[in-house]
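In what follows, a single structure is set out as structure tokens and then discussed.
Start at 1 with the first residue, then count along the sequence. Everything numeric here is computed off the predicted structure, so don't read it as measured data.
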Amino acid sequence: MTDAKPDYVVIGETRSYSFEAITKAIRLINQGARFICTNPDATGPSQEGVLPATGAVAALITEATGRKPYIVGKPNPMMFRSALNKLGVHSDGTGMIGDRMDTDIVAGIEAGMHTVLVLSGIADKAEIERYPFRPKEIMSSVAELVDK
């Protein structure tokens, strides 16, 4: 990790972004560092309601630099292929459990996995209707999986 001519600027999930850190990222990207994000989620859940997440910070940096990040996490299919290969399993016997239609569920579908949307995070039943694809199962929370 360096501030002197890094090859990459990587943005991941945190609750402690600062104006200084975002400014530094913008300057390093403008100086030639490649821009990577762990995921495009614009919001995340909390006890008090939604919070800005990695995708929101990435959007701010994209607007300031004119450069979009390469997403290395969901819904990037390379992440799923790498994980399946590492585990030595096939997608048709694997599941993707998530709380977002736009990243978790679409990624699982595109990877050929069984998909389970849990309604304990970002998505609610109304959000499902906004997408042309559907999860295989919908549960109120991952706790329901214990009973299966």
Side-chain angles (χ1 to χ4, degrees), residues 1-89 91 94-143:
M1 304 237 326
T2 181
D3 291 342
K5 295 189 147 267
D7 293 326
Y8 301 94
V9 168
V10 180
I11 304 295
E13 199 64 45
T14 183
R15 301 287 187 254
S16 60
Y17 287 111
S18 68
F19 183 79
E20 292 77 18
I22 293 168
T23 300
K24 183 184 291 187
I26 290 166
R27 290 177 180 162
L28 292 170
I29 292 166
N30 281 338
Q31 293 169 9
R34 288 168 272 182
F35 186 19
I36 293 177
C37 281
T38 59
N39 67 75
D41 297 351
T43 59
S46 80
Q47 295 290 339
E48 297 80 32
V50 297
L51 326 151
T54 305
V57 176
L60 186 152
I61 294 170
T62 293
E63 190 65 26
T65 63
R67 296 198 190 121
K68 289 186 177 184
Y70 179 71
I71 306 296
V72 295
K74 62 181 177 56
N76 186 331
M78 182 176 67
M79 180 189 81
F80 287 94
R81 283 194 302 273
S82 297
L84 292 169
N85 287 338
K86 179 83 172 167
L87 295 170
V89 297
S91 60
T94 307
M96 173 62 189
I97 302 166
D99 70 339
R100 299 186 75 95
M101 289 291 291
D102 59 344
T103 55
D104 301 328
I105 300 306
V106 74
I109 290 169
E110 289 178 354
M113 297 176 170
H114 181 88
T115 54
V116 179
L117 178 70
V118 292
L119 302 176
S120 55
I122 291 294
D124 58 23
K125 288 191 178 194
E127 180 166 344
I128 298 166
E129 297 305 316
R130 294 193 292 243
Y131 293 90
F133 51 87
R134 297 289 181 268
K136 293 280 187 196
E137 293 184 68
I138 301 168
M139 297 183 176
S140 60
S141 80
V142 291

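- Between V118 and S141, the closest heavy-atom pair is CG1-C, 3.8 Å.
- Annotation: side chain of I61 is in contact with side chain of I26 (closest heavy-atom distance under 4.5 Å).
- Remark: side-chain polar atoms of R100 are not paired, donor with acceptor, to backbone N or O of G121 under 3.5 angstrom.
- A salt bridge is absent between K68 and E63: the closest approach of a Lys/Arg side-chain nitrogen to an acidic carboxylate oxygen does not fall below 4.0 angstrom.
- Remark: I128 CD1 to L119 CG distance equals 5.5 Å, nearest 0.5 Å.
- K74 NZ to F80 CZ: the interatomic distance, rounded to the nearest 0.5 Å, is 8.0 Å.
- Among all heavy-atom pairs drawn from Y70 and M78, the shortest one is OH-CE, 3.5 Å.
- Side-chain contact between K86 and S82 is absent, with no heavy-atom pair separated by less than 4.5 Å.
- A pairwise comparison of heavy atoms in A58 and C37 identifies CB-SG, 3.4 Å as the closest pair.
- Side chains of I11 and P69 form no contact here, defined as non-hydrogen atoms less than 4.5 Å apart.
- Atom CG of D124 and atom CD of E129 lie 10.5 Å apart (nearest 0.5 Å).
- Separation of atoms CG (N39) and OG1 (T103) is listed at 7.0 Å; rounding is to 0.5 Å.
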* To do: Evaluate the criterion side chain to side chain contact (heavy atoms under 4.5 Å, CB included) for residue pair L84 and V89; output intermediate values, then yes/no.
  => CA-CA 5 Å; L84 292 169; V89 297; 3.5 Å; yes
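- Judged by distance alone, with hydrogens and angles left aside, the side-chain atoms of T62 form a donor-acceptor pair with the main-chain N or O of R67 at under 3.5 Å.
- Counting non-hydrogen atoms of other residues, nucleotides and ligands closer than 6.0 Å to CZ of R134 gives a total above 12.
- Side-chain N or O atoms of T115 include one that pairs as donor or acceptor with a backbone N or O of K136 at under 3.5 Å.
- M96 pairs with exactly one of L117, D104, V116 by the side-chain contact (heavy atoms from CB on, under 4.5 Å) rule, that one being D104.
- Checked against side chain to side chain donor-acceptor pair (under 3.5 Å), Y17 has no partners two or more places apart in sequence or in another chain.
- With contacts defined as side-chain heavy-atom distances shorter than 4.5 Å, the pair I122/E127 qualifies.
- Listed here is the closest heavy atom pair of I71 and N76: O-ND2, 2.7 Å.
- Nearest heavy-atom pair, V106 versus P75, reported as atom, atom and distance to 0.1 Å: CG1-CB, 4.1 Å.
- Nearest heavy atom pair, residue P52 against residue A56, reads CB-CB, 4.1 Å.
- Looking only at side-chain heavy atoms (C-beta outward), D7 and R34 come within less than 4.5 Å of each other.
- Side-chain N or O atoms of D99 include none that pairs as donor or acceptor with a backbone N or O of S120 at under 3.5 Å.
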